[in-house]
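Everything below concerns the one structure shown next.
Predicted model only: the values in this text are computed from it and were never measured. Here is the naming used below: chain letters follow the sequence lines, and residue numbers restart at 1 for every chain.
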Protein chains: 2
Amino acid sequence: MAAVDLTTHPGHLARRLQQAHYLLWNTMVSEEITSPQFAVLNALVAEPGVDQRTAGERVGLDRSTIAEVISRLGRRGLLDKVRDPQDGRRFLLRPTEEGLRVHRKLAVRTARMNQIFLAPLSADEQTVFFDLIRRVADAAEGLRNPAEPATAPN
Amino acid sequence: MAAVDLTTHPGHLARRLQQAHYLLWNTMVSEEITSPQFAVLNALVAEPGVDQRTAGERVGLDRSTIAEVISRLGRRGLLDKVRDPQDGRRFLLRPTEEGLRVHRKLAVRTARMNQIFLAPLSADEQTVFFDLIRRVADAAEGLRNPAEPATAPN
DNA sequence: CTGAAATACTCAGTGCCCTGATTAATCCGC
DNA sequence: GCGGATTAATCAGGGCACTGAGTATTTCAG
């Protein structure tokens, strides 16, 4: 009977939270475009012409995953992908007209969905909710990125 | 410039939180056994002899995912899977000796990891953190399970 | 200018997560 | 008892997420 109480495990809670969000997104926002796809599209709307790696960095996706997401957005005709004439390693990405249209439509629906999702919390609690999650996520991401250890070698 | 600020989107934050957790788990707990696998093993330690569907319900995994996770735990020799003699549709699951040993070892490491993960928050904030996430996740899960609409048909 | 290092992207492999369709077994009304 | 509904598990298929290895291009030291 050495079992552990998972409701006090942040990782388990994070997974459940994400699954719950996934389901709600599917019913309230889109069955075609996923939340990560929208995030990437949103990054391209904010910064048209970025390369793949940067786009991934903006939304927190690694090199492999961002490649897949971009390939799907490309197949749907939501973005253009052209070689950077200045640097033949890069692809420059920007939303198509259709991509902009889809982004606008989904932005509205996403806002509605977030309201429903966060309805159990008061306005103050929502602020705290964002703050706490952001702090934990930022700190954990920082653990993997030594963030330029300036001088001290050891 | 109609781009949206994703740092106020709970779904996006939930994904980043989960990714951060995944990385930390990999470095601090195990590269072999994943967090969902540990969750299932933990459920079997708590309730030896449950069937697959129930185990999935306990940890929040759907029928397809729980089948994959159980198959992996089986391959590693961490659980036994036998037909229920009472009901030939079910498989009864219980941890092996090795499964119990692995569970004990990982439970310790997981506790250590959770401390690191939550270190950016004070003790009070950690309590709030759990409470808020749990409330949002529970509510969203409730939206999909009409939870036995007793009498009212409409 | 040339070869080594760094960088952007791709590919192969593993695992998580969902839906819809299918199969096998049990349950239940008659 | 028998046939239809329900239930447990599987299978096929799509998408997200990571690592390690490989390719092409650019950069930079000498």
Notebook entry, point to check: Atom CG of B:Leu61 and atom C1' of C:dC18: how far apart are they, to the nearest Å?
Noted result: 11 Å
Check: Checking all strands, does B:Ser64 fall into the base, sugar-phosphate, or nothing category for heavy-atom contacts under 4.0 angstrom?
Finding: base
Next item on the list: Would you tell me whether B:Asp62 and B:Thr65 have side-chain atoms, one donor and one acceptor, within less than 3.5 Å of each other?
Entry: yes
Set out, line by line, the N/O atom pairs under 3.5 Å between protein and nucleotides 21-27 of chain D.
| unit_1 | atom_1 | unit_2 | atom_2 | d |
| --- | --- | --- | --- | --- |
| D:dT26 | OP1 | A:Gly88 | N | 2.8 |

Item checked: Residue closer to the 5' end of DNA chain C, A:Thr54 versus A:Asn26 (nearest nucleotide) -> A:Thr54
Next item on the list: Determine: side-chain N/O of B:Gln18 to OP1/OP2 of D:dA17, distance under 4.0 Å, yes or no.
Entry: no
Note to self: OP1 or OP2 of C:dG15 versus the side-chain N and O atoms of B:Gln37: is any pair under 4.0 Å?
What the structure shows: no
Next item on the list: Determine: side-chain N/O of A:Arg15 to OP1/OP2 of C:dG15, distance under 4.0 Å, yes or no.
Entry: no
Checklist line | Pairing of B:Arg76 and B:Glu98 as salt bridge, 4.0 angstrom limit | finding: no
Next item on the list: Return the nearest nucleotide to the side chain of B:Ala67; candidates are C:dC18, D:dA17, D:dT10.
Entry: D:dT10
Check: Reckon A:Gln52 has a side-chain N or O less than 4.0 Å from the OP1 or OP2 of C:dA8?
Finding: no
Next item on the list: Can you tell me the distance, in whole Å, between the CZ atom of B:Arg53 and the C1' atom of C:dT26?
Entry: 14 Å
Item checked: Separation of atom CD1 in A:Ile66 from atom C1' in D:dG15, rounded to whole Å -> 14 Å
Checklist line | Spacing between B:Ile33 atom CD1 and C:dG15 atom C1', to the nearest angstrom | finding: 12 Å
Notebook entry, point to check: D:dC18 P sits how many Å from B:Leu24 CG, rounded?
Noted result: 14 Å
Check: Is B:Lys81 near enough to D:dA8 that one of its side-chain N or O atoms lies under 4.0 angstrom from OP1 or OP2?
Finding: no
Item checked: A:Glu68 CD to C:dT14 P, straight-line distance once rounded to whole Å -> 15 Å
Margin query: Does B:Asp51 reach a base, just sugar-phosphate, or nothing at all? Heavy atoms under 4.0 Å.
Written below: sugar-phosphate
Margin query: Any non-hydrogen side-chain atom of B:Ile66 less than 4.5 Å from a side-chain atom of B:Val40?
Written below: yes
Item checked: Backbone of B:Thr7 reached by a side-chain donor or acceptor of A:Arg134 within 3.5 Å -> yes
Note to self: Can you list everything that forms a ring-ring contact (aromatic ring centres under 6.0 Å, His included) with B:His12? Sequence neighbours excluded, please.
What the structure shows: none
Margin query: At 4.0 Å (heavy atoms only), tell me whether B:Thr34 reaches a base, stays on the sugar-phosphate, or touches nothing.
Written below: sugar-phosphate
Check: Does any pair with a residue in residues 89-132 of chain A pass ring-ring contact (aromatic ring centres under 6.0 Å, His included), and if so which ones, sequence neighbours excluded?
Finding: A:His21-A:Phe117, A:Phe38-A:His103
Notebook entry, point to check: Would you say a side-chain N or O of B:Arg90 is under 4.0 Å from OP1 or OP2 of D:dT7?
Noted result: no
Next item on the list: Identify whether any heavy atom of A:Gln19 sits under 4.0 Å from a base atom; if not, whether one sits that close to sugar-phosphate; answer base, sugar-phosphate or nothing.
Entry: sugar-phosphate
Item checked: Length of the line joining B:Glu31:CD and C:dG15:C1', which is rounded to integer Å -> 14 Å
Margin query: Do the side chains of B:Arg90 and B:Asp87 get close enough for a salt bridge, i.e. N-O under 4.0 angstrom?
Written below: yes
Note to self: Whole angstroms only, please: what is the CZ-C1' distance between A:Phe91 and C:dT7?
What the structure shows: 14 Å
Checklist line | Among D:dT10, C:dC17, D:dG15, the one nearest B:Asp62 by side-chain distance | finding: C:dC17
Checklist line | N-O pairing of B:Arg89 and B:Asp51 below 4.0 Å | finding: no
